[in-house]
Amino acid sequence: MKNEQITVGIFVFNDVEVLDFAGPFEVFSVADRLREKPPFLPILISEKPGLIRGRGNFLVQPNFHFSNCPQLDMVVIPGGGGYAADGTGYGTRLEQSNPMLRTWLISQEKVVQRIMSVCSGALILAHAGLLDGQRATTHHGAYAELRAVGRGITVVEGVKHVDAGKVVSSGGISAGIDMSLTVVSQTIGSKAAQETADYMEYDWSAPVLS
């Protein structure tokens, strides 16, 4: 592991699913609290300054935005969203067509160690071209949408997460916790990841990523 902290930037947006971003944030935060020298620095990032309104009117104050974001080592793209009765997309279905987000993601992909998606956050990665020709997963309700993006993506169903190297995608909501614990295991060791899971009273034991 590097001597300096690994900065984990978690993107948040309106209608984000709360556990999708809070679950990974908690994993990296707890992993810090259990180590004498904190290995991770989890931060929340939005596109622009100001409060974010997550699902259920959960208000979030991001730490940074695209214009003042520090250099990141890892990026997490959560899910949350869908379609209104008139067919208008919100949450990830809106953000997947956001050119500012796409440009930011492509630039981050060139420099970070890992990009992770939770739930329908995989749709955002897919539309940015970051899942081209790779295996990936998402929430079971979004399998068809992810498959329809095309770009040679192989959608893996019924798994917690899929490791495609730099990009790791996870299934719905709580699966982001499993994915994050596995990334902790890969980064600073399985013992640290298990201690993190035990502290959180989360049922986890070092799985083999699909």
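Just the heavy atoms: all of them, side chains too, but no hydrogens, waters or symmetry mates, feed the values below.
Judged purely by atom type and a 3.5 angstrom limit, Lys160 has no side-chain atom pairing as donor or acceptor with the backbone of Met179. With hydrogens and angles ignored, the 3.5 Å screen pairs a side-chain donor or acceptor of Ser170 with a backbone N or O of Ser117. Judged purely by atom type and a 3.5 angstrom limit, Gln134 uses its side chain to pair as donor or acceptor with the backbone of Leu130.
Exactly one of Asp73, Val75, Asp163 qualifies for a side chain to side chain contact (heavy atoms under 4.5 Å, CB included) with Arg114. That residue is Asp163.
Residues Leu101 and Ile124 form a side-chain contact, since some pair of their non-hydrogen atoms from C-beta on lies under 4.5 Å apart. Between Cys119 and Asp20, some side-chain heavy-atom pair lies under the 4.5 Å cut-off. Using a 4.5 Å heavy-atom cutoff, the side chains of His65 and Asn68 are in contact. Within the 4.5 Å cutoff, the side chain of Val118 has heavy atoms near those of the Pro24 side chain. For the pair Arg55 and Val16, the minimum side-chain heavy-atom distance is 4.5 Å or more. Put simply, the side chain of Leu105 reaches to within 4.5 Å of the side chain of Leu125, judged on heavy atoms. Looking at heavy atoms from C-beta onward, Glu17 lies out of side-chain contact with Pro78 at the 4.5 angstrom threshold. Considering only heavy atoms from C-beta on, Gln71 stays 4.5 Å or farther from Val111 through its side chain.
Between atom CD of residue Gln96 and atom CG of residue Leu123 there is a gap of 5.5 Å, rounded to the nearest 0.5 Å. To the nearest 0.5 Å, atom NE2 of residue His139 and atom CD of residue Glu145 are 11.0 Å apart. Here the CZ-CG distance, from Arg53 to Leu59, works out to 5.0 Å after rounding to the nearest 0.5 Å. Interatomic distance, CE of Met116 versus CE of Met74, reported as 5.5 Å (0.5 Å rounding). For the atom pair OG1 (Thr7) and CD1 (Ile45), the distance works out to 9.0 Å, reported to the nearest 0.5 Å. Note that the CD atom of Gln113 and the CD1 atom of Ile6 stand 5.0 Å from one another [nearest 0.5 Å].
For Arg151, the side chain to side chain donor-acceptor pair (under 3.5 Å) test picks out no residue, with sequence neighbours left out. With sequence neighbours excluded, the residues forming a side-chain contact (heavy atoms from CB on, under 4.5 Å) with Asn63 are Ile43, Leu44, listed by chain and number. By the salt bridge (charged side-chain N to carboxylate O under 4.0 Å, His left out) test, Glu26 pairs with Arg33, sequence neighbours left out. Judged as a side chain to side chain donor-acceptor pair (under 3.5 Å), and not counting sequence neighbours, the contacts of Glu157 are Arg147. Judged as a side-chain contact (heavy atoms from CB on, under 4.5 Å), and not counting sequence neighbours, the contacts of Ala136 are Leu131, Leu146, Ile153, Ser169. Take Ser120 and apply the side chain to side chain donor-acceptor pair (under 3.5 Å) test, not counting sequence neighbours, and it matches Thr92, Arg93. Residues satisfying the side-chain contact (heavy atoms from CB on, under 4.5 Å) test with Ile177, not counting sequence neighbours, are Leu19, Val27, Leu181, Met200, Tyr202.
Here the closest non-hydrogen pair linking Ser190 and Ser185 is CA-OG, 3.3 Å. His161 and Thr182 get closest at one heavy-atom pair: NE2-OG1, 3.5 Å. Across all their heavy atoms, Pro99 and Ser97 have their closest contact at CD-O, 3.2 Å. Between Val30 and Tyr199, the shortest heavy-atom distance links the atoms CG1-CD2, 3.5 Å. Of all the heavy atoms in Phe64 and Cys69, the pair that sits closest is CB-CA, 4.1 Å.
Judged as a salt bridge (Lys or Arg N to Asp or Glu O under 4.0 Å), not a single pair has a partner in residues 74-91 (not counting sequence neighbours). A salt bridge (Lys or Arg N to Asp or Glu O under 4.0 Å) check over residues 182-191, counting only residues at least two apart or in different chains, returns the pairs Lys191-Glu195. Judged as a ring pair (Phe, Tyr, Trp, His ring centres under 6.0 Å), not a single pair has a partner in residues 72-103 (not counting sequence neighbours). Evaluation of the ring pair (Phe, Tyr, Trp, His ring centres under 6.0 Å) test over residues 6-28, restricted to residues two or more places apart or in two chains, returns Phe11-Phe13, Phe11-Phe66, Phe28-Phe40. Listed by first then second residue, pairs satisfying side-chain hydrogen bond (donor to acceptor under 3.5 Å, both in side chains) with a partner in residues 39-51 read Glu47-Asn98, not counting sequence neighbours.
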With side-chain contact (heavy atoms from CB on, under 4.5 Å) as the test, would you mind laying out the steps for Val8 and Val76 before giving the verdict? CA-CA 7 Å; Val8 183; Val76 179; 3.9 Å; yes

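When the side chains of ILVMFWY residues are joined at heavy-atom separations under 4.5 Å, either directly or via intervening members, Leu51 and Val60 end up in two distinct hydrophobic clusters.
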